[in-house]
Amino acid sequence: MTTATILLQAGGSAGIMGFLPMVLIIVVFYFFMIRPQMKKAKDHKKYIEELKVNDKVVTTAGIHGRIVEISETTFLVDVGSGIKIRFDKSAIALDASKAQNAAAAPKA
């Protein structure tokens with residue numbers, strides 16, 4: 001065997017080992033960044049589907065109100081004094097009625 005053949009054989013396995021750190025970085029990135037974000041999006045979608053009329057909500061802009069009407073892609077929200085604003089379903093950030101009920105519940 002010549003020296004060139006030995007070096008070429010060693011170089012082939014070193015090339016594969018060079019990709020191992022990159023693969024590990026991608027796996028770690030997936031488990032710490034992508035997967036939690038997908039779970040959060042899935043939970044928010046489920047939450048939006050469970051909203052019903054008279055639920056108190058807070059929009060992403062910080063507007064507090066009560067749902068008056070639900071259509072296929074929007075909510076009609078009463079923000080007080082009879083003022084009603086139509087919001088896209090994705091603009092709802094959180095359910096204020098659940099937060100108020102949790103705060104009002106007596107601690108055991």
| task | Would you check if the side chain of Lys46 reaches a backbone N or O of Ala41 as a donor-acceptor pair within less than 3.5 Å? | result | no
Going by heavy atoms in the side chains, are [X] and [Y] under 4.5 Å from each other?
X: Ile63; Y: Val58; value: no
X: Ile67; Y: Leu51; value: yes
X: Val57; Y: Phe87; value: no

[X]: what forms a side chain to side chain contact (heavy atoms under 4.5 Å, CB included) with it, not counting sequence neighbours?
X: Val53; value: Ile70
X: Leu24; value: Leu20
X: Ser90; value: Asp88
X: Phe31; value: Val27, Arg35

| remark: Hits for salt bridge (charged side-chain N to carboxylate O under 4.0 Å, His left out) against Lys52, two or more places apart or cross-chain, chain-then-number order -> Asp55
| Lys39: what forms a salt bridge (charged side-chain N to carboxylate O under 4.0 Å, His left out) with it, not counting sequence neighbours? |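 Applying salt bridge (charged side-chain N to carboxylate O under 4.0 Å, His left out) to Lys39 gives Asp43.
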| query | Does one hydrophobic cluster hold both Ile48 and Ile85, with members joined at side-chain heavy-atom distances below 4.5 Å? | reply | yes
| request: Treat each ILVMFWY residue as a node, draw an edge where side-chain heavy atoms are under 4.5 Å apart, and state whether Phe75 and Ile83 are in one component. | output: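 Phe75 and Ile83: one cluster.
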| task | Sort and list the pairs that fulfil side chain to side chain donor-acceptor pair (under 3.5 Å) and have at least one residue in residues 75-85, not counting sequence neighbours. | result |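 Residue pairs passing side chain to side chain donor-acceptor pair (under 3.5 Å), neighbours aside: Arg66-Asp78.
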| remark: Joining Ile, Leu, Val, Met, Phe, Trp and Tyr whenever any side-chain heavy atoms lie under 4.5 Å apart, the cluster holding Met22 also takes in Ile26
| message | Ignoring hydrogens, what is the shortest heavy-atom contact between Tyr30 and Pro36? Give both atom names and the distance. | response | O-CD, 4.2 Å
| field | Worked check of salt bridge (Lys or Arg N to Asp or Glu O under 4.0 Å) between Lys89 and Glu72 | value | CA-CA 9 Å; Lys89 286 188 174 184; Glu72 189 173 321; over 6 Å; no
